[in-house]
Amino acid sequence: MADDESLYVFAEILRGKNGIESRSAVLQTDRLDLFRGKDFARWCRDNPEAVPNVVSRKDSSSVEKRIEEAAGLLIRRGLLVKCQRKFLKPPPGQKRLIKFPKKVLPVQGPDSQKFDEAAFYCWTFDKPTPTWVYIVSALCAVGVILVCLFPVAPSWIKIGVVYMLSGLLVVLIGALLVRAFIALTSYIFTGNTVWVLPNVLDDNKPVSELFLPLIAIEEPDTSTMRALAWHWVTRVSVAGSVAALTWVLYTHSPGQEAVKRNAFKYRDELFEFLNVHNTRNMISKGNETAAENTTASMNSSSSKEEL
């Protein structure tokens, strides 16, 4: 029988980078990491050399038996809790249940100690904190301090932050517009919707899966009531509506000079709000003030001479 130390090592391997896939879920009132029993069994079959280190009868037991013993030992030592879905029906608008439920309930009775590949399991111990978490935490603390010091920062730092954030916003909005244009064009002309980065706006995906796959094609679904959405009449109507909206925006849009003038106006108002002193404006205003003072003094001198 494995000791507690080797058991924790085995559990940490399972929760590591090369371990089994897991997601965050709520078990009653606690938020824990959840994984599927089939993923646990698949990992043990792919790595049979790791399983005998934590169970008894390692020389005579089969792989399937060692998988059951390993899972049962983790449950008995309180490192795992066997769970089941809280909601057994798909949410409205979806055809099937999601892969990892967001809310689960503990399995009660004698079955709670038995391993079942169809069940879910939650880790009950804290995952070891990697070094990068401490580094990121320290950087966040430094970032908060810098944000608090932003009002007293030099003007060139304020201007740089404004332009950097404005550029990032333009890139994000531009990427989303290009993504929407490709999807709309492919839908109108082919009926198939081509999505670039289809998971980038999905709240249910982790960060590591937001940019995968790069491209996905959504084919028409003629088996449901949504089949009308892919009909050629619907696609022609959508194309006409988009064309009409584009024409209205183009004919009622301001001219280039007006856009440029308003852009500089709003930029100056933003810099004034942030108490940023634009050197160019200060020089020009200083020259104007000096010219006004010179003119005023000349007028005053001429008035005295007349008197």
Can you confirm whether more than 12 heavy atoms, excluding those of [X], are under 6.0 Å from its [atom1] atom?
| X | atom1 | result |
| --- | --- | --- |
| F181 | CZ | no |
| E269 | CD | yes |
| D126 | CG | no |
| E117 | CD | yes |

Kindly give the heavy-atom pair with the smallest separation between [X] and [Y], and that separation in Å.
| X | Y | result |
| --- | --- | --- |
| P198 | A216 | CG-CB, 3.5 Å |
| L80 | T124 | N-OG1, 3.9 Å |
| P90 | L97 | N-CD2, 3.5 Å |
| L27 | C83 | CD1-SG, 3.9 Å |
| I75 | S112 | CG2-O, 3.6 Å |
| A153 | K158 | O-CE, 3.4 Å |

Using 0.5 Å steps for rounding, measure from the [atom1] atom of [X] to the [atom2] atom of [Y].
| X | Y | atom1 | atom2 | answer |
| --- | --- | --- | --- | --- |
| N199 | L214 | CG | CG | 11.0 Å |
| I157 | M164 | CD1 | CE | 11.0 Å |
| R267 | I159 | CZ | CD1 | 8.5 Å |
| L14 | L74 | CG | CG | 7.0 Å |
| C140 | I135 | SG | CD1 | 12.0 Å |
| F40 | D116 | CZ | CG | 12.5 Å |

Cluster question for you: counting only ILVMFWY and a side-chain heavy-atom cut-off of under 4.5 Å, with indirect links fine, are [X] and [Y] together?
| X | Y | result |
| --- | --- | --- |
| I217 | V178 | yes |
| V144 | V161 | no |
| V152 | W156 | no |
| L165 | Y163 | yes |
| I188 | V236 | no |

- Message: Between T251 (side chain only) and V248 (backbone N and O only), is there a donor and an acceptor less than 3.5 Å apart?
- Response: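 Pair found, side chain donor or acceptor close to backbone of V248.
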- Query: So, the side chain of K82 versus the backbone of K114: is there a donor-acceptor pair under 3.5 Å, distance only?
  - Reply: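 Yes: the side chain of K82 pairs with the backbone of K114.
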Do [X] and [Y] come close enough that some side-chain heavy atom pair is under 4.5 Å?
| X | Y | answer |
| --- | --- | --- |
| R31 | S24 | yes |
| L197 | L210 | no |
| L184 | V238 | yes |
| L245 | L249 | yes |
| E21 | W43 | no |
| R179 | L201 | yes |
| Q28 | P106 | yes |

- Scan side-chain atoms only and decide if S22 and R15 contain a donor-acceptor pair under the 3.5 Å cut-off.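 S22 vs R15: no donor-acceptor pair found between side chains.
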- Using 30° and 60° as the class limits, which term best fits the ring planes of F115 and Y121: parallel, tilted or perpendicular?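 Parallel: the ring planes of F115 and Y121 meet at under 30°.
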- Query: Would R36 count as a cation-pi partner of F100, with NZ or CZ less than 6.0 Å from the six-membered ring centre and within 45° of the ring normal?
  - Reply: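 Relative to the ring axis of F100, which defines the angle, R36 lies inside both limits.
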- Got a salt bridge between E64 and R45, using NZ or NE/NH1/NH2 to carboxylate O under 4.0 Å?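 Answer for the salt bridge query: yes.
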